[in-house]
Amino acid sequence: MPRITIDGVSRAFPEGTQAGGKFDAPHPGRVSMFDAAYPGRTPRPVAASVHGRIRPLNWAPEEDCTLTLIDYTHEEGRRVYERSLRFVFLLACRDVLPGVRVRIEHSVGYGLYIRMDTELTEQTVAAIEARMRALCARDLPFVRERWTRQRAIEHFRREGQDDKVRLLSYRPYAFFDLYACDGMYEYFYGDMLPSTGHVRTFALLSHAPGMVLQMPSPGAPDRVAPLVERPKMMQAFAQTAQWYDILGCQNAADLNDMIREGRLREFVRVNDALQEKSIAAIADAIVRRGARAVFIAGPSSSGKTTFTNRLAVQLRVNGLRPVMLSLDNYYKNLDEVPVDEDGAPDLECLESLDVPLFSAQLTALLRGETVEIPRFSFETNTRRPQGVPLHLEKDQPVLIEGIHGLNPKMTEAIPREYTYRIYVSALTTLNLDDHNRIRTTDVRLLRRLVRDYQFRHAPFEETLGMWPSVRRGEEKYIFPYQEEADTMFNSALAYELSVLKKYAYPFLTAIDERSPHFTAARRLVKFLNYFQAADVEGELAPTAILREFI
């Protein structure tokens, strides 16, 4: 009998005991390892982890090991649940709208935005949801099967899924695992729940021209999170998707084809030109408003610094002389910063900044007064004894960059007509294939891994270790205010993963399975395997967003 250690407690289990699945005949009385260790505990796990490798709940250890049970509050747990929910959704679409192309695109809060190549009525959306619930009630198993690449290509070609056929032709391995359920085969680049019966909490909402598959939030896994409308973010996604449609780059295989056929260099130039056109339009809008204080905010690794510099150039084209100001200079001394739930200084919270000083100085600047801007030293984590004097002329708008730039508390004392707010983020619309999206957070993480190694000498494991804290800060202090922006700038580049792969892949594959960051590294490696590396740095303009990271 294998001895399994869970949370430091070791116990022997009969062979065949599952990590967290349900038992039927011939073992109706046997409980899973989870139920033995945590009787009655909620939320229930959705996966297990052994040596950094994610395992499904119906996995049965054959030898002694240390097992970690993962629930929906864990990032990897949410990914397992989402994959399984997507499979149920695609099964329902097969039954309700056979032959219709489905494209799962991007997140909307705690939901997924989905498009189809047919008009969607509320009645159709309701019919798909009803079919999903019927499939869940049947508790159909997700069966894992190992296929050769060629067999999979032939299968998906018969099914008319050209996106998967083309993607798999670039796969570097001859074998891989698919999941089967109710006669459908899918590949979701990761582990699944044991059956449709484990998919219990969701809603399908009409959201013209598509729909939103809504899931729970991490803090409340047993109920569907409310849909929070984000019209400006949706518009930014839609504009980029339209650009990519025109340029013929929707999925990873499209990008790989460009690399193979020698067309990527022109695509890089066009991609960057589209961004420059967008920045010029934002500069024109600032001039029309006559804004004096321009706030630029966004999550980590969005390219805010490069965007701010490029915006300054476009404002100069309009006859202005912008001045740049970083909110980082208004950090309090480290011993004055509040601590987070782990007892560490919370440098992401608004209270880590001297907001009253910033507000008073900005108000004085807009009145034409001279102020002494503080200077913060990140070497000593204290404010330097002497600041820098600053005075604004009438043709000098101030560009203010910082993660809290959209928080209304930053501008309470300033008339709205004097301000312009910009949200910058890398909102990728490139998919692996029609059914497998690329998460914007994964793209930003790759950017940060490469940048921190290149310019801050930070090992990949160090950056992976701090990323969950960065993400918590974004969820609390940035994302709730993104719709406060006057406009959004999407810094994502369709070609960037092929460039970032060259820098990131060797370090990610070198992370050992004994590392606590092996799971995250392996996840990134798995989806980078589908991208061809590209050498196009020579085509990047000196001010290209990607240069901030490579």
Side-chain angles (χ1 to χ4, degrees), residues 103 147-150 152-153 156-157 161-177 187-190 240-241 243-272 274-275 301 426 428-440 442-451 453-454 460 491-511 521-541 544-547 549-550:
R103 185 169 172 83
W147 283 22
T148 64
R149 180 179 60 184
Q150 190 57 41
I153 287 174
F156 289 119
R157 182 176 286 122
Q161 296 187 45
D162 183 60
D163 56 314
K164 281 189 170 64
V165 171
R166 292 169 58 227
L167 181 67
L168 290 173
S169 69
Y170 287 103
R171 181 178 167 83
Y173 304 109
F175 294 88
F176 65 105
D177 295 330
Y187 184 46
F188 285 129
Y189 313 95
T240 304
W243 285 350
Y244 289 6
D245 286 351
I246 294 170
L247 296 171
C249 191
Q250 295 180 319
N251 294 326
D254 299 323
L255 184 62
N256 291 338
D257 288 348
M258 289 184 194
I259 296 170
R260 185 186 62 191
E261 296 164 9
R263 295 183 289 116
L264 186 63
R265 293 183 178 277
E266 180 185 4
F267 181 71
V268 167
R269 293 193 293 269
V270 173
N271 217 192
D272 285 343
L274 284 169
Q275 285 198 339
S301 305
T428 182
T429 63
L430 187 73
N431 275 21
L432 285 175
D433 58 48
D434 283 353
H435 300 162
N436 289 277
R437 68 189 179 101
I438 295 171
R439 293 172 179 242
T440 59
D442 285 345
V443 176
R444 290 192 294 108
L445 174 55
L446 281 167
R447 284 180 170 188
R448 180 148 182 173
L449 286 165
V450 173
R451 182 197 66 190
Y453 178 81
Q454 295 274 97
F460 271 43
S491 70
L493 295 156
Y495 62 83
E496 66 182 288
L497 288 169
S498 289
V499 178
L500 291 170
K501 177 178 180 176
K502 184 175 66 174
Y503 294 88
Y505 197 84
F507 295 100
L508 290 169
T509 53
I511 293 177
R522 185 167 181 262
R523 183 183 73 234
L524 294 172
V525 165
K526 287 180 74 172
F527 95 81
L528 283 176
N529 277 331
Y530 289 89
F531 287 90
Q532 300 292 295
D535 261 326
V536 291
E537 286 90 327
E539 295 298 326
L540 301 182
I545 292 282
L546 198 54
R547 287 204 181 277
F549 305 98
I550 63 172

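Note that the structure is a prediction, hence the values are computed from the model and not measured.
- Taking 4.5 Å as the limit, every side-chain heavy atom of Ile438 sits out of range of all side-chain heavy atoms of Tyr530.
- Across Ala534 and Leu264, no two heavy atoms sit closer than the pair CB-CD2, 3.5 Å.
- For the atom pair CG (Asn271) and OH (Tyr244), the distance works out to 5.0 Å, reported to the nearest 0.5 Å.
- Taking CD1 of Ile545 as the start and CZ of Arg447 as the end, the distance is 7.0 Å to the nearest 0.5 Å.
- Between atom CZ of residue Arg437 and atom CG of residue Asn251 there is a gap of 14.5 Å, rounded to the nearest 0.5 Å.
- For the atom pair Leu449 CG and Asp442 CG, the distance stands at 10.0 Å (nearest 0.5 Å).
- Taking the six-membered ring for Trp and the full ring otherwise, the centers of Phe549 and Tyr503 sit at least 6.0 Å from each other.
- Tyr495 and Asp272 form a side-chain donor-acceptor contact under 3.5 Å, judged by distance and modelled atom types alone.
- The minimum heavy-atom distance between Leu540 and Ala544, with the atom names listed, is CB-CB, 4.1 Å.
- Counting only N and O atoms by type, the side chains of Arg149 and Tyr173 include no donor and acceptor under 3.5 Å apart.
- Within the 4.5 Å cutoff, no side-chain heavy atoms of Leu508 are placed close to those of Lys501.
- The shortest side-chain heavy-atom distance between Ile511 and Val525 does not fall under the 4.5 Å cut-off.
- Side-chain contact of Thr428 with Arg444: a donor-acceptor pair under 3.5 Å is absent, judged by distance alone.
- A search for salt bridge (charged side-chain N to carboxylate O under 4.0 Å, His left out) contacts involving Arg547 returns nothing, not counting sequence neighbours.
- Of all the heavy atoms in Ala494 and Cys249, the pair that sits closest is CB-SG, 4.2 Å.
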Under the side-chain contact (heavy atoms from CB on, under 4.5 Å) rule, what do Ser301 and Leu445 come out as? Steps first, then yes or no, please.
CA-CA 7 Å; Ser301 305; Leu445 174 55; over 6 Å; no
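- A donor-acceptor contact shorter than 3.5 Å is absent between the side chain of Gln532 and the backbone of Asn256.
- Evaluation of the salt bridge (charged side-chain N to carboxylate O under 4.0 Å, His left out) rule for Glu266 yields no partner, not counting sequence neighbours.
- Here the CG-CG distance, from Leu247 to Leu274, works out to 6.0 Å after rounding to the nearest 0.5 Å.
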Is there a ring-ring contact (aromatic ring centres under 6.0 Å, His included) between Phe507 and Tyr453 once you walk through the steps?
CA-CA 10 Å; Phe507 295 100; Tyr453 178 81; 4.5 Å; yes
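- The two atoms that bring Ala152 and Leu168 nearest to each other are CB-CD1, 3.8 Å, heavy atoms only.
- Proximity of Lys164 to His435: side-chain heavy atoms (C-beta onward) are separated by under 4.5 Å at one or more points.
- For Lys526, there are no salt bridge (charged side-chain N to carboxylate O under 4.0 Å, His left out) partners, not counting sequence neighbours.
- Expressed to the nearest 0.5 Å, how far CZ of Phe156 lies from CD1 of Ile153 amounts to 10.0 Å.
- Between the Gln250 side chain and the Asn431 main chain, no donor and acceptor come within less than 3.5 Å of each other.
- With sequence neighbours excluded, no residue satisfies ring-ring contact (aromatic ring centres under 6.0 Å, His included) with Trp243.
- Comment: Glu537 engages Lys502 in a salt bridge, judged by a side-chain N to carboxylate O separation of less than 4.0 angstrom.
- When only modelled atom types and interatomic distance are considered, Asn529 and Tyr505 share a side-chain donor-acceptor pair under 3.5 Å.
- Leu167 and Ala252 get closest at one heavy-atom pair: CD1-CB, 3.8 Å.
- Take Phe176 and apply the ring-ring contact (aromatic ring centres under 6.0 Å, His included) test, not counting sequence neighbours, and it matches Tyr187.
- Remark: side-chain polar atoms of Asp163 are not paired, donor with acceptor, to backbone N or O of Asp433 under 3.5 angstrom.
- For the pair Leu430 and Phe531, the minimum side-chain heavy-atom distance is below 4.5 Å.
- Closest of all the heavy-atom pairs between Leu528 and Leu497 is CD2-O, 4.2 Å.
- The salt bridge (Lys or Arg N to Asp or Glu O under 4.0 Å) analysis of residues 247-257, with sequence neighbours excluded, yields the pairs Arg166-Asp254, Arg166-Asp257, Asp257-Arg260.
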